[in-house]
Structure formats: structure tokens, C-alpha cells
Asks: 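Before I ask anything, let me first share the structure, which is written out below as C-alpha cells.
Remember, it's 1-based here, ligands and their atoms both numbered in the order they're listed. Start at 1 with the first residue, then count along the sequence.
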Amino acid sequence: MKISEILAKKKTLSFEIFPPKREDETFTLIDRTIKQLSIYKPDYISVTYGALGNTLSNTAMIARTIKDNTGAEPLAHLTCVASTTDKVDSVCTELKSYGVENILTLRGDIPKNTDTPIFSDFRHASDLASYIKGKFNGQFGLAGACYPEKHPEADNLTSDIEFMKIKQDAGMEFFDSQLFFDNEVFYHFLLKARKAGITVPIIPGIMPVTNHAQLDRMIQITGCNVPLKLRNYFDRYKNDKAAIEEIGLIFTSYQILDLIANDVDGIHIYSMNKSDFISKLMDNIGYVASGFFK
Ligand code: FAD
């Protein structure tokens, strides 16, 4: 089923997972992580592509496992930077053969120090979406990425949202957002996006913070704003792992409850494959979540 059809009927709960580098970790992901996440009846589980140097077959194979073994729709990520139409055709054909119906169309980060032509067949995620839509006759449900605090390469939020409109026009039927820690930032972005003519669902992406180094890394990669309170708590308990985890759990629970109270289109959780932590989080917001995602 296309995820856009689910979104037309309900608020969605979704998780992102990534294919591990090592084969034994892939077994754990399939045997334990996906099973544990499935308990919370996610509408879809997205699987990253290319991140951490992983290969496509892992993404497709994991998407297939989700399709065959859980009630969730897999959303296979696919990047187009330094790729070709032939490669995209073969990935989409493989996904189709596994019954995977939804693709998150992305450009991907521009690789450094590579001899591969970077923009041979595709320049932007919107090029990938229009190509797949045309070539596969609308057989795939397509989604895209959006950035509440603008994409790092964008001049400003207004121009970034104008490009988001191009993505929507190219066939992206909903957006999963980059992570953010300040909900006010997301509400401001949502308002601007709606004013600019983005009519499809925009799902906030939430990354539970479980350690200090991870928070610093996320700020560095995404340039996201961190509320002073969270920064102060994390600095105060910098060397206390259990305290940081407890703060992360409470902060993320509250962040999600606030988004739910503001009636967002769904919640997308970057699980980082930490299903034990996600279980604690989902149990923490169990009552409110069960009413929202029903
Ligand atoms: P684009 O939409 O092409 O945007 C890139 C830049 O170009 C932006 O600055 C935008 O403003 C501008 N732009 C967009 N369209 C146009 C246009 N038509 N004309 C001119 N300028 C334009 N990376 C991975 O490698 N693997 C993953 O699995 C992965 N999953 C992700 C999931 C989510 C939810 C998010 C938010 C990001 C993910 N990324 C992933 C990271 C992503 O690939 C990078 O952020 C990348 O730099 C941009 O990808 P994009 O699809 O947003 O690109």
C-alpha cells in the first residue's frame, strides 16, 4: 500500500532504521530490532541508503524483511547523487520484485574526493522523483526530505521551501523532516510551507538524544538549534550516562507529546537501531500515542 493512502486516513507512526555495516549486526537488526519496533504497530519503517558506506542490497533486503514480516510498509531510501538512470532502474526493479511500494527520493550528500561524476543523470531529489514517477508509471509512492531549519546548502528557509514545492510538483506525496529539538522551529516552518503551497503531509522527524557526543554531532551535521534547557541539562550531567539517558527520554517524550497536542500529520522517529530505548520512549507516551495513532 502507498503510504500516502495511509496518511489520507490517519496520523502515522514511523521509525527510521539503518542497515548495519557488519553481517552479524544485520541479523540482530532483523531478528530483534525490527521485531521490537513492530510491537508499537508503526505504519511504516524507513531504511536508509548509502549512509555509513552501506550497500544497496542491504537496504532492499531489509525493506523486503519488513514487508514480509511486519504489518508496516517499508519506505526504502534512495539517493541519486553520483548515480545513473541505469542504477536507479535496477534498484527500483529489485524493490518492486520484493513488493516494496514506497521510496524516499533523495539527492544525498555530495561525496568528497571521488572520481565518479557527481551530477551525471540527476542534480536534485526532484529529478529523481520525476524520473521514477515517469519510468515506473506511478507504481511507487514517493516521499522526500524537508528541513525545518533549512538545508545547510540553502541560502535561506524561503528559497529552500520554494524548492520543496518543486519536489511536491515532481511527485513527492509526503515529507519526512530533518531532526530538530525545538518544536517552535517546526511550527514556524510548517506555517511557512503551507503558505508557500505545500499541501501534502509533513511529518516531523524526532531523534531521541541519548548521549552528549551524539547531541554535538547532530548540531554539527544539521546546524540545528538546541534549547538552552536541554544544553544545560546535558552539560550538567555530561559524564553521567544514566542521567543523560533519563534526560533524553523525558525530553523526547515531552517533545513528541507537544507535537501530538499540536495535531501534526504523524511522528517519524529516528530509532538509530536502539530499539530498547525506543521501547522505553513509546511506553512513556503509551496512552496519548494510542489515541493519536489509532
Ligand atoms: P535536494 O532536495 O536536492 O536539496 C539539496 C539542496 O539543493 C538544498 O539546499 C535545496 O534547497 C536545493 N534544491 C533542491 N531542489 C532544487 C532545485 N530544483 N533547484 C535548485 N536547488 C534545489 N542521506 C543519505 O545518504 N542516505 C539516506 O538514507 C538519507 N536519508 C535521509 C532522510 C531524511 C528524512 C533526511 C531529512 C535526510 C536524509 N539524508 C540521507 C540526507 C540527505 O541526502 C542530505 O540532506 C542531502 O544533502 C540533501 O538531500 P535532499 O534530498 O534534501 O536534496
Side-chain angles (χ1 to χ4, degrees), residues 3 12 14-21 44-56 58-60 62-63 74-83 87-88 91 95 100 102-112 114 116 118-119 121-132 142-180 185-186 189 192-193 196 198 200-207 217-218 220-224 265-273:
I3 294 166
T12 52
S14 53
F15 299 116
E16 179 188 281
I17 57 173
F18 59 83
K21 262 187 180 169
Y44 64 97
I45 299 177
S46 77
V47 189
T48 64
Y49 177 84
L52 306 173
N54 288 296
T55 58
L56 151 76
N58 275 347
T59 300
I62 292 166
L75 173 62
H77 294 204
L78 178 59
T79 60
C80 64
V81 69
S83 189
K87 187 157 183 203
V88 167
V91 173
L95 289 172
V100 176
N102 296 279
I103 301 178
L104 186 75
T105 49
L106 297 152
R107 185 196 69 182
D109 285 326
I110 297 172
K112 292 177 190 123
T114 173
T116 316
I118 291 174
F119 295 124
D121 290 351
F122 307 99
R123 187 157 202 100
H124 286 291
S126 50
D127 303 329
L128 179 65
S130 3
Y131 176 76
I132 296 175
L142 303 176
C146 67
Y147 302 83
E149 292 170 89
K150 87 170 186 64
H151 184 266
E153 291 163 34
D155 289 341
N156 52 59
L157 187 59
T158 306
S159 65
D160 204 26
I161 290 175
E162 281 165 10
F163 294 130
M164 195 178 161
K165 175 74 167 58
I166 293 176
K167 292 178 171 195
Q168 175 181 268
D169 295 344
M172 299 190 193
E173 297 160 328
F174 69 98
F175 291 98
D176 281 337
S177 94
Q178 180 59 287
L179 65 93
F180 58 90
V185 163
F186 182 77
F189 162 74
K192 261 181 100 80
I198 313 294
V200 300
I202 300 174
I203 317 288
I206 300 301
M207 177 167 291
R217 207 168 44 247
M218 288 309 136
Q220 212 190 354
I221 295 172
T222 67
C224 63
D265 294 324
I267 300 286
H268 184 60
I269 300 176
Y270 292 99
S271 84
M272 303 296 287
N273 297 356

Asks: May I ask whether Gly205 places a heavy atom under 4.0 Å from ligand 1?
Replies: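 Contact check Gly205 vs ligand 1: negative.
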Asks: Atoms of ligand 1 less than 4.0 Å from Leu104 heavy atoms?
Replies: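 Going through ligand 1 atom by atom, the ones under 4.0 Å from Leu104 are 32 (C).
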Asks: Of the choices Phe175, Phe163, Tyr270, which has the non-hydrogen atom that lies closest to atom 34 (C) of ligand 1?
Replies: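 Residue with the shortest heavy-atom distance to the ligand atom: Tyr270.
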Asks: What part of Lys167, side chain from CB on, backbone N/CA/C/O, both or neither, has a heavy atom under 4.0 Å from ligand 1?
Replies: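 The side chain, only.
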Asks: Is Glu153 paired with Arg107 through a side-chain N to carboxylate O contact shorter than 4.0 Å?
Replies: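 Result for this pair is yes, salt bridge flagged.
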Asks: Taking the six-membered ring for Trp, are His151 and Tyr147 parallel (under 30°), tilted (30 to 60°) or perpendicular (over 60°)?
Replies: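 Rings of His151 and Tyr147: perpendicular, over 60°.
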Asks: Any donor-acceptor pair under 3.5 Å linking the side-chain atoms of Asp176 with those of Tyr44?
Replies: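 The criterion, which ignores hydrogens and geometry beyond distance, is satisfied for Asp176 and Tyr44.
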Asks: Would you say His151 has any N or O atom under 3.5 Å from an N or O of ligand 1, going by distance alone?
Replies: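 By distance alone, the answer is yes.
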Asks: Evaluate Thr48 for polar contact with ligand 1, using N/O atom pairs at a separation under 3.5 Å.
Replies: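 Among all N and O atoms of Thr48, none is under 3.5 Å from an N or O of ligand 1.
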Asks: Could you pull out the closest heavy-atom pair between Asn58 and Pro19, with the gap in Å?
Replies: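 Taking Asn58 first and Pro19 second, the nearest heavy atoms are CB-CB, 3.6 Å.
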Asks: Decide whether an N or O pair under 3.5 Å exists between Tyr147 and ligand 1.
Replies: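 It does: an N or O of Tyr147 is found under 3.5 Å from an N or O of ligand 1.
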Asks: Return a yes/no value for Ala125: is any of its N or O atoms, backbone included, closer than 3.5 angstrom to an N or O of ligand 1?
Replies: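 Min N/O separation from ligand 1 is below 3.5 Å for Ala125.
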Asks: Might you point out which heavy atoms bring Ser177 and Tyr270 nearest each other, and give the distance in Å?
Replies: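 Heavy-atom minimum between the residues: O-OH, 2.6 Å.
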Asks: As an exercise, identify every atom of ligand 1 less than 4.0 angstrom from a heavy atom of Thr79.
Replies: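 Matching atoms, with element in brackets: 24 (C), 25 (O), 26 (N).
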Asks: Report the part of Arg107 in contact with ligand 1, treating N, CA, C, O as backbone and CB onward as side chain, heavy atoms under 4.0 Å; options are side chain, backbone, both, neither.
Replies: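 Both backbone and side chain of Arg107 come within 4.0 Å of ligand 1.
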Asks: If I apply the N/O under 3.5 Å rule, does Gly50 come out as touching ligand 1?
Replies: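 No, Gly50 has no N/O under 3.5 Å of an N/O on ligand 1.
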Asks: Considering distance alone, does some N or O of His77 sit under 3.5 Å from an N or O of ligand 1?
Replies: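 Yes: some nitrogen or oxygen of His77 is under 3.5 Å from one in ligand 1.
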Asks: Taking 4.0 Å as the limit for heavy-atom contacts, which would you say applies to Ile110 with ligand 1: side chain only, backbone only, both, or neither?
Replies: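 For Ile110, no heavy atom sits under 4.0 Å from ligand 1.
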Asks: Under the side chain to side chain contact (heavy atoms under 4.5 Å, CB included) test against Leu104, which residue among Val47, Leu75, Leu142 passes?
Replies: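 Per the side chain to side chain contact (heavy atoms under 4.5 Å, CB included) rule, the option paired with Leu104 is Leu75, out of Val47, Leu75, Leu142.
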Asks: With a cut-off of 4.0 Å, which atoms of ligand 1 are near a heavy atom of Ala154?
Replies: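 The atoms of ligand 1 under 4.0 Å from a heavy atom of Ala154 are 9 (O), 11 (O).
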Asks: Consider every N or O of Glu153 and every N or O of ligand 1, then say whether any pair is closer than 3.5 Å.
Replies: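 Not met; the criterion fails.
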Asks: Mind listing the closest non-hydrogen atom pair of Ser126 and Ala170 along with its distance?
Replies: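 Shortest heavy-atom separation between Ser126 and Ala170 comes out as O-CB, 3.5 Å.
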Asks: Evaluate Asp109 for polar contact with ligand 1, using N/O atom pairs at a separation under 3.5 Å.
Replies: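 Among all N and O atoms of Asp109, at least one is under 3.5 Å from an N or O of ligand 1.
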Asks: Looking at ligand 1, does any of its N/O atoms fall within less than 3.5 Å of an N/O of Asp176?
Replies: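 No, Asp176 has no N/O under 3.5 Å of an N/O on ligand 1.
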Asks: Report yes or no: do Thr48 and His77 form a side-chain donor-acceptor pair below 3.5 Å?
Replies: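 Short answer, no.
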Asks: Specify the closest pair of heavy atoms between Pro20 and Asn273, including all atoms of both residues, with the distance to one decimal.
Replies: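 Between these two residues, the closest heavy atoms are CG-ND2, 4.5 Å.
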Asks: Looking only at heavy atoms, what is the nearest atom pair of Ile202 and Met164, with distance?
Replies: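 Closest pair (atom of Ile202, atom of Met164, distance): CD1-CE, 3.8 Å.
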Asks: For the residue pair His124 and Phe163, does the interplanar ring angle fall in the parallel (under 30°), tilted (30 to 60°) or perpendicular (over 60°) class?
Replies: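 If you compare the ring of His124 with that of Phe163, the planes turn out parallel.
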